[in-house]
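Beneath this line is the structure, given in structure tokens, with notes to follow.
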2 protein chains.
Amino acid sequence: MGTTQLETVPEPKYWHLRTVLSNALDSEFEVGEILPNERELAARFGVARATLRQALEQLELEGRLQRRRGVGTTVAPPRVGVEVNPTRHSWPGAPGDAWQTEGCAEDVPPAVVGRALGRGDEKVYTVHRVRTVHGQPVATELLYVPPASVPGLSGIAGLETDAGVARGRAVLRELQRLELGGQERTVELGSARAEDAKRLDRLPGAPVLVLTTRYLAAGGTAAVAVSTYRADTCRLTFGESAGTGLLAAG
Amino acid sequence: MGTTQLETVPEPKYWHLRTVLSNALDSEFEVGEILPNERELAARFGVARATLRQALEQLELEGRLQRRRGVGTTVAPPRVGVEVNPTRHSWPGAPGDAWQTEGCAEDVPPAVVGRALGRGDEKVYTVHRVRTVHGQPVATELLYVPPASVPGLSGIAGLETDAGVARGRAVLRELQRLELGGQERTVELGSARAEDAKRLDRLPGAPVLVLTTRYLAAGGTAAVAVSTYRADTCRLTFGESAGTGLLAAG
DNA sequence: GAGTGGTCTAGACCACACA
DNA sequence: GTGTGGTCTAGACCACTCG
């Protein structure tokens, strides 16, 4: 990438630096390769370390770089396409879905979820799940299920006091009994809460794509899922055709 | 929000600050209200301005704050839900769509688009469009249409030399004649290129949601659209039910 | 212990909006 | 002109990974 000094241009240094580094990544580096450390890069380009870091942050946001404390900065592989098919009508936990149940609690949901469920601030089952791709966790999920949606549950002896994986699975199992009337989804940018960040192997505040799904049944909202995907490594794909999915690939 | 000093906690100051400010926004501020300026806030919390700014950046990323140079920092309204319905089968430019055509050029598309189009690096029509909500631009789009998808175009006298809005409209009009076989979409995080940033009234590098759509017809890719949405103000909604869309609202 | 990225400071100057 | 947020500097120390 040379030892080029930055010219005086009317654009911010960090932005110009981002462009220079981006081009260098395209032409001179392989995926997985380690970049020189920040202090050396800053010196090489004649800027303060903070300025260089601004450029690196941009590139990390774009999924071009991966930075790990104590290790270094590496060239990131292309983002993985993650299927979140809205037209495949199925409940969470249906056979073959990509999630792993981690636990279940009974909590009052956040206000926005409570509103979508149409039931004020009653307690609901809150199932924690994790989604992994190639062994790496890429998303966490909180699935909110009102007890009314899974009436069969309360009759199962012993489950009331089980706060763990088994109860989560039971909730999902009961959900399958309902007829799914449709779903409604939104995607927005968020920042990882401390707990999610830990599960996703990121720092708190890391950018995430928040996918909110409202599951409809019998004219009402049967459940709401809030899924938190790593924004640096994931590209959400809404496949519709049965085809190979060109966009999903690289 | 008080004059509270930050306690010594094992979490970063900027993260704690983010939480404190977030709570203050919920309880003590109205939408549109102007916050004290950064220098005063920093002093009030006993941190350096750079640290305070890290917290503000987080909140802006989450759509809680809006910062404008020369003006100040204001409390942002809730994100607007923007319909990007994948199940409503229609071409871009169909009657009633929310976009405004701004121009048209003939360019070689970026490599990733060329691949999705399945045609190496030939020139394609590149239609520029803008989407506004409540008069504010929320997204820009580049729509790539190979000439083969709009065979009727070349026969229209005079349009070959028109590089502007009229040609863009003509391309969209011709597209409607094809039968839409399906579409495939992806959403990922990106940062606004300088040109997009200007149109979206943001700084270069601002976080955006990039929605890529592959339009299928006659067994191939008839067009590819790359839509760039402001991530701070937009929530993409994939409505499926004909219902009101609870998630789309506030 | 050495080396990495992450946090934080206390300044400076700039670009922009608005009166 | 005044005040705002945006950029940039040159340091310091911390938290983490790994040999």
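Chain identifiers are assigned alphabetically (A, B, ...) following the order of the sequence lines, protein sequences preceding nucleic acid strands; residue numbering begins at 1 within each chain.
Nearest to the side-chain atoms of B:V47 among the listed nucleotides D:dT9, C:dT9, C:dT7 stands C:dT9. Distance from the side chain of B:P12 is smallest for C:dT7 among the nucleotides C:dT7, D:dT9, D:dT17.
Here the P atom of nucleotide C:dT7 and the CZ atom of B:R53 are 16 Å apart, to the nearest Å. Here the P atom of nucleotide D:dT7 and the CH2 atom of A:W15 are 11 Å apart, to the nearest Å. The nearest whole Å value for the distance from the CD atom in A:E38 to the P atom in D:dG11 is 17 Å. In this structure, A:Q54 places its CD atom 15 Å from C1' of C:dC8, rounding to the nearest Å. The CD-P distance, from A:Q66 to C:dT4, rounds to 18 Å in whole Å. One can place CD of A:E11 at 13 Å from P of C:dC16, the figure rounded to the nearest angstrom. As a whole-Å value, the separation of A:R67 CZ from D:dT17 C1' is 17 Å. Between the C1' atom of D:dT2 and the CG atom of B:N37 lies a distance of 12 Å, rounded to the nearest Å.
Each of A:L52 and A:G70 was assigned the nucleotide of DNA chain D with the nearest heavy atom; the assignment lying further toward the 5' end belongs to A:L52. Between A:R39 and B:R69, the residue anchored nearer the 5' end of DNA chain D, judged by the nucleotide with its closest heavy atom, is B:R69.
Contact between the side-chain N/O atoms of A:Y14 and the OP1/OP2 oxygens of D:dC8 is not found at any separation under 4.0 Å. At the phosphate of C:dT4, neither OP1 nor OP2 sits under 4.0 Å from any side-chain N or O atom of A:T73. The shortest distance between the side-chain N/O atoms of A:T51 and the OP1/OP2 oxygens of D:dT9 is below 4.0 Å.
Between B:W99 and B:Y229, the ring-plane angle classifies as perpendicular under the 30° and 60° cut-offs.
The environment of CG in A:N23 is crowded: more than 12 heavy-atom neighbours from other residues, nucleotides or ligands sit within 6.0 Å. Atom CG of B:D201 sits in a sparse spot, with 12 or fewer heavy atoms from other residues, nucleotides or ligands closer than 6.0 Å.
Expressed to the nearest 0.5 Å, how far CG of B:L21 lies from NE2 of B:H16 amounts to 10.0 Å.
The side chain to side chain donor-acceptor pair (under 3.5 Å) test with A:E141 singles out one residue from A:R129, A:H128, A:R131, and that residue is A:R129.
In this structure, C:dA19 forms no base pair with any nucleotide, since neither Watson-Crick nor G-U wobble geometry is met with both distances under 3.5 Å.
Using a 4.0 Å heavy-atom criterion, one finds that B:R49 contacts the bases of the nucleic acid, with or without backbone contacts as well. Within 4.0 Å (heavy atoms only), B:L203 reaches sugar-phosphate atoms of the nucleic acid but no base atom. B:R68 comes within 4.0 angstrom of the backbone, heavy atoms only, and of no base.
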